[in-house]
Asker: 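So that we are looking at the same thing, I have put the structure below in structure tokens.
This is a predicted model, so every value here is computed, not measured. To find a chain, count down the sequence lines: A is the first, B the second, and so on, and within it residues start at 1.
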Amino acid sequence: MNNKEIIIKNAIVKNCDEEILKIDNLEFHTGINIIVGENGAGKSSFFSSLFKKEDYVLEGEINIDNYPKLQTFELVKLGYYLVQQQNMVVDNLTYEVLWKHMAEINNITVNWEEIYNFFPIAQEKLNNIIGTCSGGENRIMELIPVFILNPEYVFLDEIDSGLSSIHKEQLIKFLIHFKLEKTFVLITHQKEDFNELEAQEFVLVEGTIK
Amino acid sequence: MLYESLSCFFANKIFVPFPKAIVFSKEKIRFGSKFGSDKKILLPHFENSEIENIFILSGAQSELTIKNFIQNSRINIFILPIFELEEQEEDFSNDDSLDINFKFTIYSNSILEINVFNKVNSKTNLEFIIFSNSITDTNFSISNRRNLNLEINDYSAISNRKYALWLNNNSSTTIKDNLFKYDSSVLELTSFIQDNSKLNVVLNNDNSKKEYCVQQFCKSFMLDNSRNYINIMPNLSLGSDQSFGVHENWIGTFQKNLLFHLQLQGLDTYQAKKLIIISFVGETSSNFFDGCIQ
């Protein structure tokens, strides 16, 4: 196993200059890392700040080279990938066009068979406009770029919400398959769904991740 | 023979000079070398033409696809199903239909008039990629006229019309869309606007004798972030108070959340904006937006 760690120390998460979260010492290791906490505690804000969404700031020590100067797409190219919680509809743009565009600009040959074996729905909904599948289906479709971009660090914000039992099984199978080679960080409200994955658990309480 | 038929058909309707091009087919036909197709009937692209009258006749149960571009030209196009002319022929039943897929790229200083005479059961999908003014790396000159006027007279029963426009260099574009025999229509217009250009869209249905449904959706992207106003006037005019009209208009810059979402897929800002444009106008035409995306 190659240990791929993300270490964040003495950090603060801000939204529009308002401090919303403190991080003393956070280490995510290869495998499954789960963050739990109450609604509105700042879990999604933490992910948004890490990926430099506008109005969000993460200040502190982060073991990513040149992190303060990196833009969002550069983080992705370095192997960091985020699936956001909210559903995004992109007018007229289909998953097929987006995925093929992603593969083309990154000069990547995609193993489509592998994708369809893991998630048959990807083939079925290939020509759908992005974000127009059902809630659970959208969540699964957002995972497909993991096969295309092959990131080492994958952040999944409530990826399990709204999933049917079949899709949940597929998600677990997907995580088991990649957990020895990638670092997954999941935000979830149903941590018991991931019991079999031997996940490392973090709790966000009173503005601090412990 | 054919010209006589045409003259009869258009008698008392419009003036018909002798057509420069006639295409007659009962099969699926396609024009245009620019986009390519398996089965090609080539028409030249129209550049610097004073007036061209194009008659396109198509047979029953056929599909008509046209892809072409015009520039510095005035083009009048008449599309009609041949079974309208030969209604007594036994070959054609009431179920005959003509599906029209029309994709035309229009560059500067052009006037395009399209008259679609279609069967009641038929469908018309008209799609225009319209460039009302040039960008510097294209091979044509800009004359004093920097305006583009597009008038469409559509006699179809059902029509789904889609426009994509790029307006720049203080240009002024007017689209007048006249609906005559509509049961329902959807007009979708997406524009990318720069440099104080103006856009005036009039969707007009003055048929007061029947019920119909007209939907008009306009979406305008401001490409120049420094602008604080935009000059676009989408108008919808209905002739019957028994009819149903929907009128939506959206104007703004590229949405931040949308750009962030695409950046999370590894696209930089330029690539993300271009992909949004591609989703509206297609890969080929989007190349003309290069250089204008900030």
Asker: Can you tell me which portion of B/Leu259 sits under 4.5 Å from chain A's heavy atoms? Options are side chain, backbone, both or neither.
Answerer: neither

Asker: So for atom CD, which belongs to A/Glu18, do other residues, nucleotides or ligands contribute more than 12 heavy atoms lying within a distance under 6.0 Å?
Answerer: no

Asker: Give a yes or no on whether A/Ile7 atom CD1 has more than 12 heavy-atom contacts from other residues, nucleotides or ligands under 6.0 Å away.
Answerer: yes

Asker: Does CD belonging to A/Glu38 count more than 12 external heavy atoms closer than 6.0 Å?
Answerer: no

Asker: Take A/Asp55 and B/Lys256 through the test side chain to side chain contact (heavy atoms under 4.5 Å, CB included) and record every step on the way to the result.
Answerer: CA-CA 11 Å; A/Asp55 298 331; B/Lys256 289 175 186 173; 5.6 Å; no

Asker: Could you walk me through whether B/Asp268 and A/Gln71 satisfy the side chain to side chain contact (heavy atoms under 4.5 Å, CB included) test, starting with their C-alpha distance in whole Å, then the side-chain angles of each, then the deciding distance to 0.1 Å, before giving a yes or no?
Answerer: CA-CA 9 Å; B/Asp268 63 28; A/Gln71 296 181 49; over 6 Å; no

Asker: Looking at A/Met102 and B/Gln265, what are the two nearest heavy atoms and their distance?
Answerer: CE-O, 3.5 Å

Asker: What I'd like to find out is whether the side chain of A/Glu142 reaches to under 4.5 Å of the side chain of B/His261, using heavy atoms alone.
Answerer: yes

Asker: Do B/Gln263 and A/Val76 come close enough that some side-chain heavy atom pair is under 4.5 Å?
Answerer: no

Asker: A/Met88 versus B/Leu262: any side-chain heavy-atom pair under 4.5 Å?
Answerer: no

Asker: Which atoms of A/Ile130 come close to chain B, meaning under 4.5 Å heavy atom to heavy atom: side chain ones, backbone ones, both, or neither?
Answerer: side chain

Asker: What's the separation between atom CG in B/Asn257 and atom NZ in A/Lys53, rounded to the nearest 0.5 Å?
Answerer: 4.5 Å

Asker: In this structure, are over 12 heavy atoms from other groups packed under 6.0 Å from A/Asn66 atom CG?
Answerer: yes

Asker: Are A/Thr72 and B/Leu264 close enough, and set up right, to give a side chain to side chain contact (heavy atoms under 4.5 Å, CB included), and what steps lead you there?
Answerer: CA-CA 6 Å; A/Thr72 302; B/Leu264 284 175; 3.8 Å; yes

Asker: Are the side chains of B/Gln271 and A/Phe73 in touch, meaning some heavy atoms are under 4.5 Å apart?
Answerer: no

Asker: Enter the distance from A/Leu82:CG to B/Phe260:CZ here, rounded to the nearest 0.5 Å.
Answerer: 6.0 Å

Asker: Is A/Tyr81 in contact with chain B via its backbone, its side chain, both, or neither, using a 4.5 Å heavy-atom distance?
Answerer: side chain

Asker: With a 4.5 angstrom heavy-atom cut-off, is it the side chain or the backbone of A/Leu93 that approaches chain B, or both, or neither?
Answerer: both

Asker: Take atom NZ of A/Lys168 as the centre, draw a 6.0 Å sphere, and report whether it contains more than 12 heavy atoms from other residues, nucleotides or ligands.
Answerer: yes

Asker: B/Leu258 versus A/Val90: any side-chain heavy-atom pair under 4.5 Å?
Answerer: yes

Asker: Applying side chain to side chain contact (heavy atoms under 4.5 Å, CB included) to A/Val97 and B/Leu275, what does each step give before you reach the verdict?
Answerer: CA-CA 9 Å; A/Val97 171; B/Leu275 193 59; 4.2 Å; yes

Asker: Does A/Asp65 CG have over 12 foreign heavy atoms under 6.0 Å away?
Answerer: no

Asker: Of the backbone (N, CA, C, O) and the side chain (C-beta and beyond), which part of A/Lys77 lies under 4.5 Å from a heavy atom of chain B, both, or neither?
Answerer: side chain

